[in-house]
Amino acid sequence: MQKLQGISVSPGIVIGEAVVMANEGIRVPRQTIDPAATDCEVERFRQAVQTTVKEIVRTKQSVVSQMGAHYGAIFDAHFALANDPALATEIEALIQHEFFTPEYAVTRTLGRFSRLLRELSDDQLAQRAFDIEDIEDRLLQNLLGRRRAEQFQFTRPAILLAHNLTVSEAANLKRDLVLGFATEIGGAGSHTAIVAEALGIPAIVGAGDLLASIGGGETVIIDGEQGIVILNPDDETKTTYQRRIERGAQHAQQLTSLRDLPAETQDGTRVELFGTIEFPHEVDQCLKQGGEGIGLYRTEFLYLGAETAPDEETHFQAYRGVLDALAGKPVVARTFDLGADKFPQLKPPEDEHNPCLGLRSLRLALRNRPMFRTQLRALLKASGQGDLRLMFPLVATLQELRQAKTVLADVMEDLEEEDVSFNRNIKVGMMVEIPSAVVLIRRFLPEVDFISVGSNDLTQYALAVDRDNKEVARLFNPCDPAVLSLMSEAIQAAQGAGIPASICGQICNTPRNTMLLLGLGFRQLSVSPAAIPYVKRVCRGVTVDECQDVAQRALAKDEARDVEAILRSEWQKRFQPPDD
Ligand code: PEP
Ligand code: MG
């Protein structure tokens with residue numbers, strides 16, 4: 001039995017069989033072919049090259065149209081490599097004279113090149129090594145006729161163990177077959193983590209050396225409550241966890257009775273609980289859990305996993321679907337928040353050394369007007385079908401906010417000219433998730449109808465800690481007093497100005513933090529659908545005075561761990577079952 005401590009990014013406990021996703025691309029054994037099949041195999045290699053070249057061209061076109069020519073240039077190097085006649089000759093010679101399989105010939109040739117480049121320890125050449133590895137991967141995938149995410153076989157429900165999962169890979173996991181997952185790297189605030197929560201499966205990231213001693217088929221426990229992965233558990237451990245799973249199920253069952261009751265504190269203060277979603281299908285789950293609407297719809301997930309940017313109709317259908325399912329309840333659709341770790345099928349530009357500080361989110365939208373306008377048109381067209389509100393992400397400056405609103409006004413004019421009906425009075429809000437927006441919050445407020453404090457990015461930017469980096473994961477703490485002060489400043493200012501304010505991000509999903517958020521002044525929380533009943537239970541069990549006391553004590557602390565100690569002790573005193 002081996003226990004590994006990672007970072008829990010989606011709660012729940014699961015016991016199951018391990019399925020391992022290959023660590024670095026595809027491993028190809030040294031295998032030979034029947035000499036009589038040489039011509040056939042060479043042809044197979046040439047076909048794979050052609051498919052690869054077509055893919056590169058398609059990806060480049062899609063990237064240029066979505067992100068601009070600058071990003072498309074990344075693929076020029078790939079194109080040149082895939083078309084390089086010297087490389088093809090060398091690989092074909094290995095097939096024709098050594099009778100290696102095309103897969104092995106590709107790996108051997110390209111693997112050697114990339115190793116040689118790396119050994120030269122020159123930054124620019126190392127970048128070329130990445131390009132070569134990328135081409136190697138693509139060629140192998142086309143030769144084998146499968147994608148990385150399809151390499152593991154889920155014939156029955158199992159637990160996925162991987163070195164890392166990209167956000168698109170996580171978004172494409174089959175919910176009925178993947179019981180849970182754990183990765184070796186990754187941080188708490190990453191979007192892969194957020195997707196795991198959306199899928200509603202227990203998940204752990206940053207668990208370290210997971211794959212070293214595991215080949216697939218072993219029993220694994222994912223303890224999403226404590227962030228622990230247990231490989232090959234002994235019988236006693238399995239029994240203990242089995243009991244915890246049963247107790248958790250009973251508890252969840254008891255909470256279903258809260259579904260139709262309001263999230264109202266003991267002293268009669270009404271709290272509104274909304275769901276945070278990434279995919280339209282989550283609306284049902286949100287309503288089932290008693291959600292009062294959608295407080296954050298991360299629309300960028302429409303782009304992830306798609307080969308090309310979604311067109312206006314695709315956007316429109318998604319928004320209409322969400323509004324129909326909500327039957328009059330509100331939804332706050334955030335315009336796409338792409339970039340940083342959320343790139344649809346493409347790598348960030350080569351010179352993007354700090355993607356979180358780079359061309360992402362609203363900045364990317366303002367730089368790519370046609371793409372932005374397509375989404376805004378669809379949102380406005382859908383706005384007549386329900387209570388749709390619109391929110392801009394990652395607003396750093398007033399200038400950006402004003403530019404975004406100008407684009408919106410332009411799009412409205414176009415629609416009016418086209419006689420398309422939409423809600424001209426649609427509410428327009430902004431995410432407050434960069435410290436600069438908090439500093440100038442009183443100047444931002446008159447220009448928006450509402451704000452939503454984004455606790456994830458606010459933590460990332462206030463503490464200068466990459467939310468996706470395992471090395472600094474312990475420093476990523478939204479309960480840090482500095483972050484809490486910023487939240488407090490934002491909500492106080494919004495209340496003073498009479499502007500509705502909510503909070504979203506992962507701090508909201510842990511019921512242990514609910515008293516703190518209520519005490520800071522928030523009355524609208526956007527939480528993951530699965531967490532709604534747990535958060536509601538806390539709201540109904542406390543008074544505002546008690547919450548304010550918690551928040552005041554937390555704000556007065558110097559360190560995040562002291563804040564956590566307060567929250568833990570309140571939780572144990574009030575909500576923790578005695579035998580847990
Ligand atoms: C946030 O930053 O808190 C947030 C809710 O947005 P995202 O996690 O999508 O960046
Ligand atoms: Mg954010």
Side-chain angles (χ1 to χ4, degrees), residues 7 9-10 167-168 170-171 186-198 203 205 274-279 282 286 294-304 331-344 355-365 389-396 400-401 404 429-438 450-469 473 476-480 483-484 486-487 490-491 501-510 513 517 520 522 524-529 531:
I7 304 156
V9 290
S10 180
V167 66
S168 326
S190 72
H191 287 92
T192 301
I194 286 166
V195 171
E197 202 149 48
V205 298
F274 300 106
T276 292
I277 62 165
E278 286 72 40
F279 307 103
E282 290 177 272
C286 173
I294 302 300
L296 171 63
Y297 174 17
R298 291 182 166 108
T299 61
E300 60 274 10
F301 280 80
L302 279 170
Y303 299 76
L304 299 169
V331 53
V332 176
R334 177 175 76 182
T335 58
F336 65 79
D337 187 9
L338 291 165
D341 64 335
K342 288 185 287 196
F343 268 86
C356 290
L357 306 181
L359 189 58
R360 62 167 294 207
S361 202
L362 188 59
R363 298 165 188 175
L364 191 66
R389 304 168 192 185
L390 202 150
M391 178 161 70
F392 298 122
L394 212 82
V395 178
E400 272 173 354
L401 175 66
M430 63 179 269
M431 299 270 309
V432 173
E433 51 183 347
I434 300 186
S436 63
V438 180
F450 64 93
I451 62 164
S452 186
V453 174
S455 62
N456 299 334
D457 277 314
L458 194 57
T459 307
Q460 161 160 275
Y461 295 118
L463 300 177
V465 51
D466 180 349
R467 58 193 271 190
D468 197 17
N469 182 341
F476 182 89
N477 195 331
C479 291
D480 190 283
V483 185
L484 298 183
L486 291 170
M487 290 174 185
I491 182 72
S502 66
I503 182 159
C504 55
Q506 278 157 299
I507 194 172
C508 304
N509 300 338
T510 307
N513 300 332
L517 299 178
L520 288 174
F522 291 99
Q524 295 183 339
L525 313 184
S526 193
V527 309
S528 73

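Side-chain atoms are counted along with the backbone in the values below, which use heavy atoms only and exclude waters and symmetry mates. Each ligand, and each atom within it, is numbered from 1 in the order the structure gives.
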*So is Gln460 in contact with ligand 1, going by heavy-atom distances below 4.0 Å?*
no

_Of the protein N/O/S atoms, how many lie under 2.8 Å from the Mg ion (ligand 2)_ = 2

*For Arg298, atoms of ligand 1 separated by under 4.0 Å from a heavy atom*: 4 (C), 5 (C), 6 (O), 7 (P), 8 (O), 9 (O)

*asked:* Within the 4.0 Å heavy-atom shell around Met431, which atoms of ligand 1 are there?
replied: 4 (C), 5 (C), 6 (O)

*asked:* So which atom in Val527 and which in Cys508 form the shortest heavy-atom distance, rounded to 0.1 Å?
replied: CG1-O, 3.4 Å

*How long is the span from the OG1 atom in Thr459 to the CG atom in Asp480, to the nearest 0.5 Å?*
8.5 Å

*Which residue, Thr335, Thr299, Leu296, forms the side chain to side chain contact (heavy atoms under 4.5 Å, CB included) with Met391?*
Leu296

*Distance (rounded to the nearest 0.5 Å) between Ser455 OG and Ile503 CD1*: 5.0 Å

*Which bit of Leu458 gets closer than 4.0 Å to ligand 1, counting heavy atoms only: side chain, backbone, both or neither?*
neither

*asked:* Which of the numbered atoms in ligand 1 are under 4.0 angstrom from any heavy atom belonging to Ser455?
replied: 3 (O)

*Atoms in ligand 1 flagged as close to Asp457, the criterion being non-hydrogen separation under 4.0 Å*: 1 (C), 2 (O), 3 (O), 10 (O)

*Give me the one residue out of Phe392, Phe301, Tyr303 that meets ring pair (Phe, Tyr, Trp, His ring centres under 6.0 Å) with Phe336.*
Tyr303

_Can you tell me how far apart CD1 (Ile434) and CD (Gln460) are? Round to the nearest 0.5 Å._
9.5 Å

*Can you tell which of Asp337, Ile503, Ile507, Asn456 gets a heavy atom nearest to atom 1 (C) of ligand 1?*
Asn456

*Is there side-chain contact between Cys504 and Met431, with heavy atoms separated by less than 4.5 Å?*
yes

_I'd like to check which ligand 1 atoms, numbered from 1 as shown, lie under 4.0 Å from a non-hydrogen atom of Gly505._
3 (O), 5 (C)

*asked:* I'd like to know if the side chain of Gln506 pairs up with that of Asn509 as donor and acceptor (distance under 3.5 Å, no hydrogens or angles considered).
replied: no

*Give the atoms of ligand 1, by number and element, whose distance to some non-hydrogen atom of Arg467 is under 4.0 Å.*
2 (O), 7 (P), 8 (O), 10 (O)

*Among Arg298, Arg363, Arg360, whose salt bridge (charged side-chain N to carboxylate O under 4.0 Å, His left out) with Asp337 holds?*
Arg360

*So how far is it from Ser502 OG to Ile451 CD1, rounded to the nearest 0.5 Å?*
7.5 Å

_Show the atoms of ligand 1 that are less than 4.0 angstrom away from any heavy atom in Cys504._
5 (C)

*Which residues pass the side-chain hydrogen bond (donor to acceptor under 3.5 Å, both in side chains) test with Tyr297, sequence neighbours left out?*
none

*May I ask whether Gln506 places a heavy atom under 4.0 Å from ligand 1?*
no

_Interfacing atoms of ligand 1 (cut-off 4.0 Å, heavy-atom, Leu296)_ = 5 (C)

_Side-chain heavy atoms of Leu394 within contact of Tyr461, under 4.5 Å_ = yes

